[in-house]
Amino acid sequence: MLEQETQNSGNSLSQEVRLLIQEGLKQRYKQRTLAQVLSLFDVEQLAKDSGICAPRLAELIAEADAPTYLELTKLGRCLPLNPAELASISRKPPKKDN
């Protein structure tokens, strides 16, 4: 019984640490622009995780074009910021999806 309690505590602690790390990253990302946040990641891996093609991510990193709401939603699934938070750190206002 003690072993199971220790294991449960370890899992709980691990989950709490993970949440603290995510919150710390979230606060750090909020102090940057969307382009700066995206540039922290490997473009190919971010493309794979988000479903947004690498050339399009490169455009967003270069701030050559504004993100769409769908792109912000996709990025919000793999980053600790939700779509509204991502929109707020974008230098270009989001545009409607085509």
Side-chain angles (χ1 to χ4, degrees):
M1 189 162 139
L2 180 60
E3 185 178 313
Q4 183 166 350
E5 185 63 30
T6 303
Q7 186 178 24
N8 289 342
S9 295
N11 289 339
S12 178
L13 182 61
S14 175
Q15 192 172 30
E16 288 180 32
V17 169
R18 190 177 7 249
L19 289 173
L20 285 172
I21 291 170
Q22 284 179 337
E23 187 58 34
L25 287 173
K26 186 175 189 175
Q27 293 307 316
R28 184 184 311 164
Y29 293 163
K30 283 183 173 182
Q31 297 173 4
R32 299 178 180 198
T33 66
L34 177 63
Q36 290 171 329
V37 170
L38 296 180
S39 69
L40 295 172
F41 299 93
D42 176 69
V43 174
E44 294 298 326
Q45 186 61 48
L46 188 56
K48 182 179 176 183
D49 293 345
S50 68
I52 301 170
C53 67
R56 178 61 182 151
L57 286 171
E59 287 180 357
L60 296 176
I61 291 169
E63 296 180 326
D65 194 15
T68 66
Y69 288 106
L70 179 59
E71 290 168 336
L72 293 174
T73 300
K74 288 179 176 183
L75 289 168
R77 291 184 191 135
C78 56
L79 298 174
L81 298 175
N82 66 42
E85 292 167 326
L86 291 169
S88 74
I89 64 170
S90 176
R91 286 194 178 160
K92 296 183 179 237
K95 58 185 183 180
K96 292 185 179 182
D97 303 303
N98 294 337

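These numbers come from a predicted model, not from an experiment.
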Close side-chain approach of Val37 and Leu75, heavy atoms under 4.5 Å:
no
How long is the span from the CD atom in Gln22 to the CG atom in Leu79, to the nearest 0.5 Å?
11.0 Å
Exercise: identify the closest heavy-atom pair between Leu34 and Ser90
CB-CA, 3.8 Å
Which pair of non-hydrogen atoms, one from Pro67 and one from Lys92, has the smallest distance, and what is that distance?
CD-O, 4.0 Å
List the steps, then state whether side-chain contact (heavy atoms from CB on, under 4.5 Å) holds for Arg32 with Ile89.
CA-CA 7 Å; Arg32 299 178 180 198; Ile89 64 170; 5.8 Å; no
Quick test of your reading of the model: are Asp49 and Arg77 salt-bridged, counting only N-O distances below 4.0 Å?
no
Please confirm whether the backbone N or O of Gln36 pairs with a side-chain atom of Ser39, one donor and one acceptor, at under 3.5 Å?
yes
Val43 to Leu57 - nearest heavy-atom pair and separation
O-CD1, 3.8 Å
Check the surroundings of atom NZ in Lys26: do more than 12 heavy atoms from other residues, nucleotides or ligands lie under 6.0 Å from it?
yes
Please find the pair of heavy atoms, one from Ala66 and one from Glu71, that lie closest to each other, and give the distance.
O-OE1, 4.3 Å
With hydrophobic residues grouped by side-chain heavy-atom distances under 4.5 Å, do Leu25 and Leu81 end up in a single group?
yes
Any side-chain donor near an acceptor of the partner, Glu23 and Gln27, under 3.5 Å
yes
NZ (Lys74) and CG (Leu46) are apart, to the nearest 0.5 Å, by 12.0 Å
Derivation and outcome, side-chain contact (heavy atoms from CB on, under 4.5 Å), residues Glu85 and Asn82:
CA-CA 5 Å; Glu85 292 167 326; Asn82 66 42; 3.4 Å; yes
Give me the atom names and distance for the closest heavy-atom approach of Asp65 to Leu60.
O-CD2, 3.6 Å
Here the pair of heavy atoms bringing Asp97 nearest to Tyr69 is OD1-N, 3.5 Å
Looking at Glu59 and Arg56, is any side-chain nitrogen of the basic one under 4.0 Å from a carboxylate oxygen of the acidic one?
yes
